[in-house]
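All remarks here apply to the structure that follows.
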Amino acid sequence: MKIIADAGRCIGAGQCVMAADSVFDQSPATGEVMLLAARVPADEVDAVLEAVSTCPTGALSTAED
């Protein structure tokens with residue numbers, strides 16, 4: 001599963017980092033989402049899906065490989 005982040009839609013709420021801090025971070029300059037991994041690690045699937053569902057702007061999504 002791939003992670004797709006649209007930094008242009010991100011408002012820097014940080015919900016993704018709270019859900020999966022090994023996969024998401026925020027830019028120190030803008031606060032926008034940064035991906036630490038392009039693919040969802042097997043042990044982070046539930047956390048990433050939570051991040052996608054709680055993102056207030058819908059900036060995150062996943063896609064199958």
Side-chain angles (χ1 to χ4, degrees):
M1 179 186 309
K2 296 186 293 187
I3 308 166
I4 301 164
D6 182 349
R9 295 180 66 179
C10 179
I11 60 170
Q15 298 294 322
C16 55
V17 178
M18 287 190 279
D21 64 356
S22 66
V23 178
F24 301 102
D25 200 356
Q26 292 177 271
S27 165
T30 65
E32 293 172 349
V33 64
M34 297 185 329
L35 293 177
L36 302 177
R39 300 196 184 287
V40 179
D43 61 340
E44 293 286 343
V45 169
D46 289 342
V48 168
L49 292 176
E50 178 185 340
V52 169
S53 70
T54 60
C55 178
T57 63
L60 301 175
S61 60
T62 59
E64 294 301 320
D65 292 324

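FYI, the numbering just counts along the sequence from 1.
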Quick one: pull up CG in Leu60 and CD in Glu50 and give me the separation to the nearest 0.5 Å. 12.0 Å

Scanning both residues in full, the closest heavy-atom pair of Val48 with Thr62 reads CG1-CG2, 4.1 Å

I'd like to check Gln26 versus Glu32 (side-chain heavy atoms, cut-off strictly below 4.5 Å). Are they in contact? no

Would you kindly confirm whether Ile3 and Val45 end up in one hydrophobic cluster when ILVMFWY residues are joined by side chain heavy atoms under 4.5 Å apart? yes

What's the spacing between Leu49 CG and Thr54 OG1 if we round to 0.5 Å? 10.5 Å

Is any side-chain heavy atom of Leu35 closer than 4.5 Å to one of Phe24? yes

Count I, L, V, M, F, W, Y as connected when their side-chain heavy atoms are under 4.5 Å apart, and connections chain through other members. Are Met34 and Val17 then in the same cluster? no

Working note: Glu64 + Met1, criterion side chain to side chain contact (heavy atoms under 4.5 Å, CB included); need CA distance, chi angles, decisive distance, verdict. CA-CA 5 Å; Glu64 294 301 320; Met1 179 186 309; 4.2 Å; yes

What pair of heavy atoms forms the shortest contact from Pro41 to Val23, and how long is it? CD-CG2, 4.0 Å

Give me the atom names and distance for the closest heavy-atom approach of Cys10 to Ala59. N-CB, 3.9 Å

